[in-house]
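What follows is one structure encoded as structure tokens, with my remarks underneath.
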Amino acid sequence: MQLTLSNKKIVNAKPFLKWAGGKTQLLEELDKRLPEKLIEEGAIENYVEPFVGGGALFFYLKKKYDVKSAYLLDINPELIVSYIAIKRNNKKVIQILKDMENEYLRKTNDERSEFYYQVRRSFNKEGKEFDFKRYNAKWPDRAAKLIFLNKTCYNGLFRQNSKGEFNVPFGRYNNPTICDENNIIEVSKALEDTSIMCADFEESSKYIKKGTLVYLDPPYRPLTATSSFTNYAKDGFTDDEQIRLAKFFRRMDEKGAYLILSNSDPKNENPEDQFFDELYKEYHIDRVMANRMINCQADKRGYIQELIITNY
């Protein structure tokens, strides 16, 4: 339900996709590190998120603060198609998802598996010819299929192979919520006054000015060779990319923006690893505890340190 309070729209949205590296569990830590000026005023004039992913912080801020303008970017075209389709035609996305959910839930487990792989094959085949640049009638269907796969695949993970194909296997859930109609409606409301684009993080610089709140949540640097979940886009995110991001951070700092960045803490595995401590040595680096849920090895899931870096 959307209410009006002091000219502010109250939107009760949450991420519509489970996204590896999602920040739901870090929201309190991020919130208490927001600039005091924004907290006191209860308003954010301009918000930019260059790696939006699941959008946990964005939706949280839309619920708690008066976000007057926002720009969401991500390099993953599938993700951006879903955001824009929900913004422009949430009713169609809901209708398609409901049909898929009804068909899926009445099947046996083996039939569900067969249906899942049928949708995955269709999704990958259609992706080869799909127009990711211009919105058209196929976008709501594409968004619905991505949400369906996300809700029914193993671990709720988004991963692509080198060909850009979604390749996560079937997940055996008894009664998954595939179509969360109320939340999709709220997400659409949250996106009403928001610009959404598929672009490299550096493209966001044109929307960043003095006083802009910027949240940078790049694909995390893997702690070990076997713990990488950075392939949300087929090209990955290397140490060179992390260094390029640090240079971008400095340039936006010079503009007078409020910057928050999160990443993995390499000291979890190697106390001598100074990679981020050196990259951001002139800024504030906090180490906070987070529960790593997405890992292919169950014994590797648990509480670890993550980094929250700010320039104020």
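Just the heavy atoms: all of them, side chains too, but no hydrogens, waters or symmetry mates, feed the values below. Numbers here simply count residues along the sequence, with the first being 1.
Counting only residues at least two apart or in different chains, ring-ring contact (aromatic ring centres under 6.0 Å, His included) contacts with residues 83-109 comprise Phe16-Tyr83, Tyr104-Phe148. Here side chain to side chain donor-acceptor pair (under 3.5 Å) pairs that include residues 88-97, with residues two or more places apart or in two chains, are Asn90-Ser188.
A heavy-atom distance below 4.5 Å is not found between the side chains of Val11 and Phe59. In this structure, Ile260 and Leu216 have side chains that are not in contact, with every pair of non-hydrogen atoms separated by 4.5 Å or more.
If you take CD on Glu49 and CG on Leu72, they are separated by 6.5 Å, rounding to the nearest 0.5 Å. Taken from OH in Tyr47 to NZ in Lys62, the straight-line distance is 11.5 Å, to the nearest 0.5 Å. Note that CD of Glu101 is 14.0 Å distant from CD1 of Ile96, once rounded to the nearest 0.5 Å. Here Thr24 contributes atom OG1 and Lys18 contributes atom NZ; the two are 10.5 Å apart, rounded to the nearest 0.5 Å. Annotation: the span from Lys189 atom NZ to Thr194 atom OG1 amounts to 14.5 Å, rounded to 0.5 Å. Distance check: Phe248 CZ to Glu202 CD gives 6.5 Å after rounding to the nearest 0.5 Å.
Within a 6.0 Å radius of CD in Glu129, other residues, nucleotides and ligands contribute 12 heavy atoms or fewer. At most 12 non-hydrogen atoms from other residues, nucleotides or ligands lie less than 6.0 angstrom from CD of Glu36. Other residues, nucleotides and ligands contribute at most 12 non-hydrogen atoms within 6.0 Å of the NZ atom of Lys247. Within 6.0 Å of atom NZ in Lys107, more than 12 heavy atoms from other residues, nucleotides or ligands are found, so the atom counts as buried in its surroundings.
Shortest non-hydrogen contact noted between Pro15 and Ala56 is CG-CA, 3.7 Å. Taking both residues in full, the closest heavy atoms of Asn183 and Asn12 are given as OD1-O, 4.2 Å, listed atom of the first, atom of the second, then distance. Residue Met197 comes nearest to Ser195 through the heavy atom pair CE-CB, 3.8 Å, listed as atom of the first residue, atom of the second, then distance. Shown here for Pro140 and Tyr135, the closest heavy-atom pair between the two residues is CG-OH, 3.6 Å. Heavy-atom minimum distance, Leu146 versus Ser82: CD2-OG, 3.2 Å. In terms of heavy atoms, Val93 sits closest to Ile147 at CG1-CD1, 4.2 Å.
Listed for the Lys255 side chain is a donor-acceptor partner under 3.5 Å among the backbone atoms of Ile208. No donor-acceptor pair under 3.5 Å is formed between the side chain of Arg33 and the backbone N or O of Glu28. Trp139 places a side-chain N or O within donor-acceptor distance of the main-chain N or O of Asp131, the cut-off being under 3.5 Å. The backbone N or O of Glu203 lies less than 3.5 Å from no partner atom in the side chain of Asp200, so there is not a single donor-acceptor pair.
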In sequence, state the C-alpha distance, the side-chain angles, and the governing distance for Asp253 and Arg250, and then conclude on salt bridge (charged side-chain N to carboxylate O under 4.0 Å, His left out).
CA-CA 5 Å; Asp253 177 41; Arg250 292 187 188 92; over 6 Å; no
Go through Arg106 and Glu111 one step at a time and tell me if the salt bridge (charged side-chain N to carboxylate O under 4.0 Å, His left out) criterion holds.
CA-CA 9 Å; Arg106 66 170 174 254; Glu111 289 172 336; over 6 Å; no
Before you tell me yes or no, could you show the steps for Asp286 and Lys32 under salt bridge (charged side-chain N to carboxylate O under 4.0 Å, His left out), namely the whole-Å CA-CA distance, both residues' side-chain angles and the distance that decides it to 0.1 Å?
CA-CA 12 Å; Asp286 289 339; Lys32 66 187 183 185; over 6 Å; no
For a salt bridge (charged side-chain N to carboxylate O under 4.0 Å, His left out) check, start with the C-alpha distance between Lys37 and Glu40, then their side-chain angles and the critical distance, and finish with the verdict.
CA-CA 5 Å; Lys37 180 177 183 292; Glu40 290 171 0; over 6 Å; no
Could you walk me through whether Ile94 and Cys179 satisfy the side-chain contact (heavy atoms from CB on, under 4.5 Å) test, starting with their C-alpha distance in whole Å, then the side-chain angles of each, then the deciding distance to 0.1 Å, before giving a yes or no?
CA-CA 7 Å; Ile94 290 168; Cys179 182; 4.0 Å; yes
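Checked for salt-bridge contact, Lys14 and Glu186 miss the test: no charged N lies under 4.0 Å from a carboxylate O. Electrostatic pairing of Glu192 and Lys87 does not count as a salt bridge here, judged by no charged N lying under 4.0 Å from a carboxylate O. With salt bridges taken as basic N to acidic carboxylate O contacts below 4.0 Å, one links Lys281 and Glu278. Salt-bridge check for Arg287 with Asp277: passed, with a basic side-chain N closer than 4.0 Å to an acidic carboxylate O. The existence of a salt bridge linking Glu254 and Arg251 is excluded, since no basic side-chain nitrogen approaches an acidic carboxylate oxygen closer than 4.0 Å. Contact check on Glu126 versus Lys145 returns a salt bridge, with a Lys/Arg side-chain nitrogen under 4.0 Å from an Asp/Glu carboxylate oxygen.
Between the side chains of Thr310 and Tyr258, no donor-acceptor pair is found at a separation under 3.5 Å. Inspection of the Asp31 and Tyr65 side chains reveals an N or O donor paired with an N or O acceptor under 3.5 Å. Remark: the Ser122 side chain and the Gln118 side chain contain no N/O donor-acceptor pair separated by less than 3.5 Å. Using a 3.5 Å distance cut-off with no hydrogens or angles, the side chains of Asn167 and Asn161 do not pair a donor with an acceptor. Asp265 and Gln305 form a side-chain donor-acceptor contact under 3.5 Å, judged by distance and modelled atom types alone. Between Asn263 and Gln242, the side chains place a donor N or O and an acceptor N or O closer than 3.5 Å (distance only, hydrogens not considered).
Each of Arg121, Lys125, Lys128 was checked for a salt bridge (charged side-chain N to carboxylate O under 4.0 Å, His left out) with Glu165, and the lone residue meeting it is Lys128. Here the options are Tyr220, Tyr215, Phe201, the test is ring-ring contact (aromatic ring centres under 6.0 Å, His included), and the partner is Phe51; only Phe201 passes.
Phe170 does not carry Arg112 over the face of its six-membered ring by the limits of under 6.0 Å from the centre and within 45° of the normal. Taking the ring axis of Phe166 as reference, the NZ or CZ atom of Arg159 does not stay both within 45° of it and closer than 6.0 Å to the ring centre.
In this structure, the side chain to side chain donor-acceptor pair (under 3.5 Å) partners of Asn46, at least two apart in sequence or on a different chain, are Ser69, Thr212.
A continuous path of ILVMFWY side-chain contacts below 4.5 Å connects Leu27 to Leu213, so both sit in one hydrophobic cluster.
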